[in-house]
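To start, the structure under review is shown below, and the notes come after it.
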Amino acid sequence: MVVPPWYELPPQGYGGLETIVAALVDGLVERGHHVTLFGAGRRTGTRAAFVGTVAEPQYPRLGQVMPEVLHIARVNALLRDGDFDVVHDHTTAGPATARSRPAPTVVTVHHAPDREFGEYLAALGDQVDLVAISRAQRRLRPELNWVSTVHNAIRVGDFAGPRTGGGPVLWLARFSPDKGPDLAIEACRRAGLPLVLVGKCMERAEVRYLDEVIRPMLGDDVELIVNADRSTCRELLSRARCLVLPIRWNEPFGMVMIEAMAAGTPVVALRRGAVPEVVRHGVTGFVCDDLDELAQALLDVTDLEPRACVDHVTRHFAADLMVRRYERVYRAAIGRARPTRRTTVDDVLSAPSPIGQAQPAVGP
């Protein structure tokens, strides 16, 4: 399991990708697989065997090319010395090196496959097996080498607990115009409801957007919380009237929606990307087409049952379901690779010595 070098697993604060992978790793180990996690830092909170390529997480350099490229170069050197059945890569740079790896590479596409990123995935061809996280994401580039669609998932019990409700509307995301915090403020003001904005703000663009666009919009009806930790976010989710997500882009999934529903909190969102795929309209929230509809939905959410939200996540977005789906992806990747794979000189030279410590292995 290869993750980017930005955060440890599970993340202490923001980190949707890291939350998903932590649940996947632990689920695989629970089902008897030997999992080695390649990441950053000195430790992992998961049950995997952990190999760090750098002593400290590189989140201060998030967005720079070199930290991830160096991380992948070190990971690939370690892969050549190990004995692995399959590599599951969650990075951007790693898939480009798949042909040099001694095992097939499965890639979960965590971002919208459009523009240059979509062209990058297309250029990879069939050297990697692509997994979509929603049908909406897959429709953006249906010709890519998709092998499966596996919805993201969470350990539902991590969010279960007494729902107090009755609090303000909650917006929880990174500070970006794509996530629509300004629209959240406008919708709540139209509805006459207080709002709490809780957002990741570490990158320069996020800081600039918060300072130049969002702060001037604040008033007594809006509370601002920046870079909250996971426990604070969970507490806010359990107290919120609802989660509002007025996104402006084709969100490939939206982890915060299933986290909210797992806490019994309904979701009110604009109809973009995977929103209609994740939220059950009129049962676990409302999928809206414009700002007026969004404002009305914020008033109507009190008619929805918290138990229906939890049940929806348990049936469709629980970690065990995600794990079993990925098991099928891994087995298929291994089955396709073995009949055609040839031993190369590099394979022979890099094979581990029979004398010495055995390397961790991953596989069904």
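Note that the coordinates shown come from a computational prediction; the quantities given were computed from them, not determined experimentally. Just so you know, these numbers use all the heavy atoms, side chains as well, and skip hydrogens, waters and symmetry mates.
Under 4.0 Å is where a charged nitrogen must lie from a carboxylate oxygen, and between Arg230 and Glu259 at least one such pair does. A salt bridge links Glu119 with Arg141; the closest basic N to acidic carboxylate O contact falls under 4.0 Å. Salt bridge Asp126/Arg336: absent, no basic N to carboxylate O contact under 4.0 Å. The existence of a salt bridge linking Asp26 and Arg47 is excluded, since no basic side-chain nitrogen approaches an acidic carboxylate oxygen closer than 4.0 Å.
Within the 4.5 Å cutoff, the side chain of Leu270 has heavy atoms near those of the Cys288 side chain. By the 4.5 Å heavy-atom criterion applied to side chains, Arg248 and Leu183 are counted as neighbours. For the pair Phe117/Val109, a side-chain contact is recorded, criterion being any heavy-atom separation below 4.5 Å from C-beta on. Between Pro4 and Thr92 the shortest side-chain heavy-atom distance does not fall below 4.5 Å. Looking at heavy atoms from C-beta onward, Val207 lies in side-chain contact with Cys201 at the 4.5 angstrom threshold.
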| field | Leu24 and Val323: CA distance, side-chain angles, deciding distance, side-chain contact (heavy atoms from CB on, under 4.5 Å) verdict | value | CA-CA 6 Å; Leu24 175 59; Val323 170; 4.0 Å; yes
| Do Ser100 and Asn76 pass the side-chain contact (heavy atoms from CB on, under 4.5 Å) test, and can you show the C-alpha distance, the side-chain angles, and the key distance before you say yes or no? | CA-CA 8 Å; Ser100 69; Asn76 286 349; 4.1 Å; yes
| said: Evaluate Met202 against Leu62 for side-chain contact (heavy atoms from CB on, under 4.5 Å), listing each step before the verdict. | reply: CA-CA 9 Å; Met202 293 181 177; Leu62 187 64; 5.9 Å; no
| Glu18 and Val21: CA distance, side-chain angles, deciding distance, side-chain contact (heavy atoms from CB on, under 4.5 Å) verdict | CA-CA 5 Å; Glu18 290 79 11; Val21 177; 5.9 Å; no
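A donor-acceptor distance shorter than 3.5 angstrom exists from the side chain of Ser134 to the backbone of Pro252, with no hydrogens or angles considered. Side-chain atoms of Gln137 come within 3.5 Å of backbone atoms of His111 as a donor-acceptor pair (strictly under, hydrogens ignored). With hydrogens and angles disregarded, a donor-acceptor distance shorter than 3.5 Å links the side chain of Arg241 to the backbone of Leu298. Between the side chain of Arg163 and the backbone N or O of Gly264, at least one donor-acceptor pair lies under 3.5 Å.
Under 3.5 Å, the side chains of Gln58 and His71 contain no donor-acceptor pair of N or O atoms. For the residue pair Thr108 and Tyr326, a side-chain donor N or O sits within less than 3.5 Å of a side-chain acceptor on the partner. No side-chain donor from either of Asp311 and Thr314 sits under 3.5 Å from a side-chain acceptor of the other.
Closest of all the heavy-atom pairs between Ile214 and Pro181 is CD1-CG, 3.7 Å. Nearest heavy atom pair, residue Val198 against residue Ala228, reads CG1-CB, 3.8 Å. The heavy-atom pair separating Gly45 from Pro10 by the smallest distance is CA-CD, 3.7 Å.
Ring to ring, Phe253 and His110 are not that close: their centroids are 6.0 angstrom or more apart. If you look at His316 and His151, their ring centroids are not closer than 6.0 Å.
Here the straight-line distance linking atom OG1 of Thr46 with atom CG of Leu9 works out to 6.5 Å at 0.5 Å rounding.
A cation-pi contact, defined as under 6.0 Å to the ring centre and within 45° of the axis, is absent between Arg43 and Phe50.
Cluster membership for Phe175 and Leu170, using ILVMFWY side-chain heavy atoms within less than 4.5 angstrom, is not shared. The hydrophobic cluster containing Val51 also contains Phe84, counting ILVMFWY residues as joined when their side-chain heavy atoms lie under 4.5 angstrom apart, directly or transitively.
The environment of Arg280 atom CZ is sparse: at most 12 non-hydrogen atoms of other residues, nucleotides or ligands sit within 6.0 angstrom. Counted within 6.0 Å of CD on Glu116, heavy atoms from surrounding residues, nucleotides or ligands total 12 or fewer; the atom is thus considered open. Other residues, nucleotides and ligands contribute at most 12 non-hydrogen atoms within 6.0 Å of the CZ atom of Arg204.
For the salt bridge (Lys or Arg N to Asp or Glu O under 4.0 Å) with Glu251, the qualifying choice from Arg271, Lys179, Arg272 is Lys179, the only one to do so.
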